[in-house]
> 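Below is one structure. I have some questions about it.
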Amino acid sequence: MSAKYVFVTGGVVSSLGKGLAAASIGCLLESRGLRVNLMKFDPYLNVDPGTMSPFQHGEVFVTDDGAETDLDLGHYERFTHAPLSRDNNLTTGRIYEQIILKERRGDYLGKTVQVIPHVTNEIKNAMRKVSANGADVTILEIGGTVGDIESLPFLEAIRQMRQELGRENTIFVHLTLVPWISAAQELKTKPTQHSVKELLSIGIQADILLCRSDRNLSREMKQKIAAFCNVEERAVIGATTVPSIYEVPLRFAEEGLDALILKYLRIDASEADLSRWRELVDRCYHPRDEVSIAIVGKYVEYEDSYKSLKEALTHGAIAQNLKLRVHWIEAEGLESKGPEDRSYEAQLDGYDGILVPGGFGKRGIEGMLNAIRYAREKKVPYFGICLGMQTACIEYARNVCGLKEANSSEFDPATPHRVIYKLRELLGVEEMGGTMRLGAWTCILQEGTLAWRAYRGATEISERHRHRYEFNREYEALLTGAGLRISGTTPDATYVEIVELPDHPYFLGCQFHPEFKSKPLEPHPLFREFVAASYKNRVGRIASEPGAISALANTSIS
Ligand code: GLN
């Protein structure tokens with residue numbers, strides 16, 4: 001079979017869920033036994049999102065090979081088994097960087113370097129490279145909205161791909177909005193018509209329309225869109241808002257999307273097996289109870305900053321058949337006014353579990369330390385991720401080991417007790433450019449620990465990293481002597497990867513980001529166990545409240 005491509009573009013407005021749509025198409029094609037790969041093009045000039053603020057850009061997703069990528073790659077990994085690497089996310093900035101490098105090397109032999117053909121060729125080569133990685137179908141998402149100046153070279157590149165490879169090897173899927181106008185009490189198709197026309201003006205006729213709306217499209221509505229947009233009626237696919245993103249592939253399948261893609265691309269594939277997804281969604285919609293988790297972080301106003309984290313917690317909750325209630329707490333709001341001020345405790349009361357996620361910089365650290373102290377002392381399940389692991393170590397050094405000024409050299413370079421520091425800095429290594437520990441690293445687990453039990457007895461695991469600072473082993477004897485346990489390290493024992501507290505229901509911090517590897521059908525062990533412990537805490541707490549016995553009569557703990 002020759003390489004097949006599905007190009008996904010978006011129109012009318014941004015944030016319609018193009019990434020989810022692309023991921024769901026991948027999921028559906030995989031469920032029919034096809035091998036898929038997914039790729040995203042981002043039209044901005046940053047070389048990668050690594051240096052962009054979480055407030056601007058949302059989470060930076062990290063692949064095994066250490067690429068800092070757009071958060072849509074997280075959706076791709078959660079919905080499919082596509083092998084993602086730095087080749088799967090390209091920005092305009094990176095493409096120009098490559099071209100300018102070649103130009104300086106003299107690779108263009110004195111020619112004038114231009115958007116067409118040089119930029120478009122670079123884009124097409126990148127697409128072909130990803131599809132050559134053993135995929136039957138490659139799904140390519142073009143970031144931005146049709147009509148943006150920035151996305152033009154990408155649209156031109158996919159137009160050329162159709163020209164070169166033909167209709168049976170390329171299809172254009174366009175995601176649009178069909179808004180409900182309350183004054184008219186009607187869904188309106190005009191924005192969709194305009195968006196399709198805009199695409200057409202640059203030479204792309206959409207084959208399939210995914211119509212986002214908050215209610216179902218009637219037959220007449222679909223006929224109207226089909227007629228005005230020049231597509232088959234069955235190619236007008238309703239993309240109605242659903243309570244769980246994991247229902248999206250099921251809805252698309254009901255609308256016949258995968259069957260149509262296969263028909264257009266002339267692919268013979270087996271029937272879709274979506275039984276595990278159906279089961280998952282069913283569990284998601286019929287929880288036996290709920291569990292509440294407080295996330296104490298610094299980018300909490302903007303939920304996209306912690307996208308994978310929220311999803312991983314959801315996976316943990318679905319695994320226990322629970323509804324997840326996440327409460328975002330701004331860490332700065334938990335800071336004490338003086339050494340004896342414990343007024344923050346009231347804000348932390350009543351949650352089943354507390355989590356401190358990753359982050360950079362000093363802001364909010366003291367509030368996080370208070371939250372961790374609360375969780376440790378009150379035996380509330382605690383999960384610290386990256387920064388949340390580092391702050392757990394600082395809290396332990398300060399409040400258990402008595403090193404009042406313990407800190408990370410990131411927050412206080414002059415601290416007398418840098419419990420967290422840059423190892424390379426200490427070794428006198430000159431830091432040049434990319435100084436982060438990024439991507440997959442192997443971790444050896446200590447038998448008999450909480451971490452080892454969570455990973456079901458595995459002694460060697462691999463997890464993804466994105467950080468600069470590390471646990472300082474000079475403080476190991478002091479901290480472990482006081483009770484902290486180191487349950488995971490890199491194989492050469494240079495880096496501490498997991499710490500935990502034995503005399504606590506669940507207190508674990510990891511230097512890596514487990515959220516990047518959690519999938520709805522394969523919940524991450526640490527999230528699964530954290531949610532389980534949090535729920536146990538909930539049941540215990542409610543049982544101890546007066547008059548609670550009858551309310552719990554039907555609750556069983558798994
Ligand atoms: N700021 C910390 C570091 O760079 C933690 C990073 C993170 O949480 N991702 O080490």
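Note that ligands are numbered from 1 as they come in the structure, with each ligand's atoms numbered from 1 the same way. Remember, it's a predicted structure, so these values are computed and weren't measured experimentally.
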> Provide the number and element of each atom of ligand 1 under 4.0 Å from a heavy atom of R466.
6 (C), 7 (C), 9 (N)
> Nearest non-hydrogen contact with atom 6 (C) of ligand 1 belongs to which option: G359, G384, G358?
G359
> Are the ring centres of Y44 and H57 closer than 6.0 Å?
yes
> Are H81 and E30 close enough that a side-chain donor and a side-chain acceptor fall under 3.5 Å?
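There is such a pair between these side chains.
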> Among E311, H315, E77, exactly one meets side-chain hydrogen bond (donor to acceptor under 3.5 Å, both in side chains) together with S518. Which residue is that?
H315
> What atoms in ligand 1 come closer than 4.0 Å to a heavy atom of C386?
5 (C), 6 (C), 7 (C), 8 (O), 9 (N)
> For the residue pair S487 and E500, confirm or rule out a side-chain donor-acceptor distance under 3.5 Å.
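The criterion, which ignores hydrogens and geometry beyond distance, is satisfied for E500 and S487.
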> For ligand 1, which is the ligand I care about here, please tell me if L387 has any N or O atom under 3.5 Å from one of the ligand's N or O atoms.
yes
> Run the salt-bridge test on R398 and E366 with the 4.0 Å N-O cut-off and return the result as yes or no.
yes
> Who's closest to atom 3 (C) of ligand 1 heavy-atom-wise, of Q511, K362, R468, H513?
R468
> Around atom 10 (O) of ligand 1, find the nearest protein heavy atom and jot down its residue, atom name and distance.
Y469 N, 2.8 Å
> Atoms of ligand 1 less than 4.0 Å from E410 heavy atoms?
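Listed by number with element, the hits are 1 (N), 2 (C), 3 (C).
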> Would you check if the distance from the ring center of Y382 to the ring center of Y374 is below 6.0 Å?
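Ring-ring flag for Y382/Y374: false, centres at least 6.0 Å apart.
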